[in-house]
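The analysis underlying the following values was restricted to heavy atoms, covering all of them including side chains, and did not include hydrogens, waters or symmetry mates. Reminder, nothing fancy here: chain letters follow the sequence lines and each chain counts from 1.
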Amino acid sequence: ILNVEQSPQSLHVQEGDSTNFTCSFPSSNFYALHWYRWETAKSPEALFVMTLNGDEKKKGRISATLNTKEGYSYLYIKGSQPEDSATYLCAPQSNDYKLSFGAGTTVTVRA
Amino acid sequence: EADIYQTPRYLVIGTGKKITLECSQTMGHDKMYWYQQDPGMELHLIHYSYGVNSTEKGDLSSESTVSRIRTEHFPLTLESARPSHTSQYLCASSEGPGAGGYTFGSGTRLTVV
């Protein structure tokens, strides 16, 4: 099991503001880094899978970056909307292809 | 529209009962997984399968067992439920490494009283 740290644990954002949060993971034995969005009463939904150092991915107003050498990833939300309220899970994938999940960052967007 | 289905969504059951949590997917994925999550905690892998007749225990020890007789079906069984088994159980599937993220079911919230 990889030790995955996500910070902060929760944050509140005003509608229209931008925000970002962090995922830290061991840089050894790395294969890929997954991000999932988990809305209340729904299934976790895959946002990004990144493999290369320096990778940047974007989906609408959400983007992510990856640093495999130092073992961290940032997820950014630009112009937050109420529908962005969810828990965002980070999951590094090791060379045996298993995912290890962080506890998540819970984002609440206030109108 | 879900491509991976879990039933039941909620289950409250007495101690000592045998239970089976169902998970089915329609995507033809070879790889399937069961995760357990306690409130406020991380998802922990308890079982996985890379194909029919292949099952392995995950990183978190669990008293549950799984079977994979058909590609689309990956049920989880507890022979004798205990209050310590109270948790959320999530099923997921994937095409494999490099093919994108996992597809998750809606989960089963199990309460053993």
Side-chain angles (χ1 to χ4, degrees), chain A residues 1-10 23-26 29-52 55 57-59 62 64 66 68 73 75 86-106 108, chain B residues 1-10 23-27 29-51 54-62 87-109:
Chain A
I1 302 176
L2 299 179
N3 184 29
V4 185
E5 299 285 338
Q6 288 191 248
S7 64
Q9 185 176 3
S10 64
C23 170
S24 299
F25 54 89
N29 201 29
F30 175 86
Y31 179 81
L33 192 284
H34 295 224
W35 279 102
Y36 292 84
R37 174 169 57 199
W38 195 358
E39 296 177 66
T40 303
K42 294 188 177 180
S43 313
E45 171 199 1
L47 286 174
F48 307 115
V49 179
M50 297 183 287
T51 56
L52 299 176
D55 254 356
K57 297 255 181 168
K58 187 175 181 182
K59 185 176 183 177
I62 301 176
L66 176 64
T68 60
S73 175
L75 193 135
T87 296
Y88 292 83
L89 300 175
C90 159
Q93 187 173 25
S94 51
N95 285 330
D96 62 3
Y97 307 132
K98 294 180 191 174
L99 295 186
S100 294
F101 283 86
T105 293
T106 299
T108 304
Chain B
E1 185 177 325
D3 295 312
I4 184 164
Y5 305 91
Q6 286 188 247
T7 57
R9 184 76 177 89
Y10 301 93
C23 176
S24 295
Q25 51 98 1
T26 60
M27 298 167 285
H29 288 169
D30 284 329
K31 294 168 178 57
M32 296 189 73
Y33 313 87
W34 276 103
Y35 285 86
Q36 182 176 345
Q37 188 197 33
D38 294 327
M41 303 297 289
E42 302 90 340
L43 291 169
H44 286 294
L45 180 67
I46 53 173
H47 298 283
Y48 63 99
S49 168
Y50 285 170
S54 155
T55 61
E56 300 287 345
K57 290 192 177 294
D59 301 316
L60 181 69
S61 176
S62 173
S87 191
Q88 175 161 235
Y89 295 84
L90 280 153
C91 181
S93 71
S94 73
E95 288 186 68
Y102 288 12
T103 301
F104 279 88
S106 304
T108 294
R109 244 180 230 287

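For the set A:Gly102, A:Gly104, A:Ala32, the entry with the most heavy-atom pairs within less than 4.5 Å of chain B is A:Gly102. No other option in B:Gly40, B:Gly105, B:Gly107 has as many heavy-atom pairs under 4.5 Å with chain A as B:Gly105. By number of non-hydrogen pairs under 4.5 angstrom with chain A, the leading residue of B:His44, B:Lys31, B:Gln6, B:Gln37 is B:Gln37.
Under the side chain to side chain contact (heavy atoms under 4.5 Å, CB included) criterion, B:Glu56 pairs with B:Tyr48, sequence neighbours left out.
No more than 12 heavy atoms of other residues, nucleotides or ligands lie within 6.0 Å of CD in A:Gln9, so this atom counts as exposed by the packing criterion. Around atom CE of B:Met41, no more than 12 heavy atoms belonging to other residues, nucleotides or ligands sit under 6.0 Å away.
Aromatic ring centres of B:Tyr35 and A:Phe101: separated by under 6.0 Å.
Residue contact with chain B, scored on non-hydrogen atoms closer than 4.5 Å, involves the backbone of A:Asp96 exclusively. At a 4.5 Å heavy-atom cutoff, the contact between A:Leu99 and chain B is made by backbone and side-chain atoms alike. At a 4.5 Å heavy-atom cutoff, the contact between A:Trp38 and chain B is made by side-chain atoms alone. If you measure heavy-atom distances from A:Tyr36 to chain B, the contacts under 4.5 Å come from the side chain alone.
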Check step by step if side-chain contact (heavy atoms from CB on, under 4.5 Å) holds for A:Lys98 and B:Leu45. CA-CA 8 Å; A:Lys98 294 180 191 174; B:Leu45 180 67; 4.0 Å; yes
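Minimum interatomic distance between A:Ala46 and B:Gly101 (heavy atoms only, all atoms of both residues): CB-CA, 4.0 Å.
Atom CD in A:Gln93 sits 7.5 Å away from atom OG in B:Ser94 (nearest 0.5 Å).
In this structure a side-chain-to-backbone donor-acceptor pair under 3.5 Å is missing from B:Ser106 to A:Ser43.
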